[in-house]
Amino acid sequence: MESGPAIFAGAVFALFGAGLLAWTGARLRRGEPVGLGVNRIASTALAAMAGTVALALGWYCLTRL
């Protein structure tokens, strides 16, 4: 009964994290800024960290079934 919400939350976190990391990588590969009006290194680091944390939360939710 409780595995349904865990699967949904894990999938959402994993998809968001993977999408954010892919988007950040695509922006860096093109040489475009990750955040407008923000330091390039800081915005890249923050986006990469947020994507990694989201992937880790998704992994955590999916392994607790």
Side-chain angles (χ1 to χ4, degrees):
M1 187 66 111
E2 295 174 356
S3 65
I7 292 171
F8 178 74
V12 168
F13 278 126
L15 286 173
F16 175 74
L20 184 59
L21 288 174
W23 178 79
T24 303
R27 297 288 288 190
L28 287 174
R29 205 171 23 249
R30 292 182 191 149
E32 299 173 355
V34 175
L36 295 175
V38 184
N39 184 357
R40 184 177 213 157
I41 295 171
S43 62
T44 301
L46 184 62
M49 187 173 55
T52 304
V53 168
L55 274 177
L57 283 172
W59 174 81
Y60 175 78
C61 288
L62 291 174
T63 58
R64 298 294 169 198
L65 298 176

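Note: hydrogens, waters and symmetry copies are ignored here, and every other heavy atom, side chains too, is used. Index from 1, following the sequence.
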**Study point:** Closest contact, heavy atoms only, S43 versus V38
**Key:** CB-CG1, 4.1 Å

Review point. In the hydrophobic clustering (ILVMFWY, side-chain contacts below 4.5 Å, transitive), which residues join F8, or is it alone?
Key: V12

Point to revise | L62 CG to L57 CG distance, which is reported to the nearest 0.5 Å | key: 11.0 Å

Check your understanding: Taking the hydrophobic residues Ile, Leu, Val, Met, Phe, Trp and Tyr, and joining any pair whose side-chain heavy atoms are under 4.5 Å apart, which ones share a cluster with I41?
Key -> none

Check your understanding: How would you list all residue pairs meeting side-chain hydrogen bond (donor to acceptor under 3.5 Å, both in side chains) that involve residues 56-65, not counting sequence neighbours?
Key -> none

Practice item. Check which hydrophobic residues are tied to W23 through side-chain heavy-atom contacts below 4.5 Å, counting indirect links as well, and list them. Key: F16, L20, L28, V34

Review point. Between L55 and V53, is there a shared hydrophobic cluster once you connect ILVMFWY residues whose side-chain heavy atoms come closer than 4.5 Å?
Key: no

Check your understanding: Is there any side-chain hydrogen bond (donor to acceptor under 3.5 Å, both in side chains) pair reaching into residues 30-41, and which pairs are they, with sequence neighbours excluded?
Key -> R27-E32

Practice item. Might you point out which heavy atoms bring A9 and C61 nearest each other, and give the distance in Å? Key: CB-SG, 4.3 Å

Check your understanding: What is the minimum heavy-atom distance between A48 and L21, and which atoms define it?
Key -> O-CD2, 3.7 Å

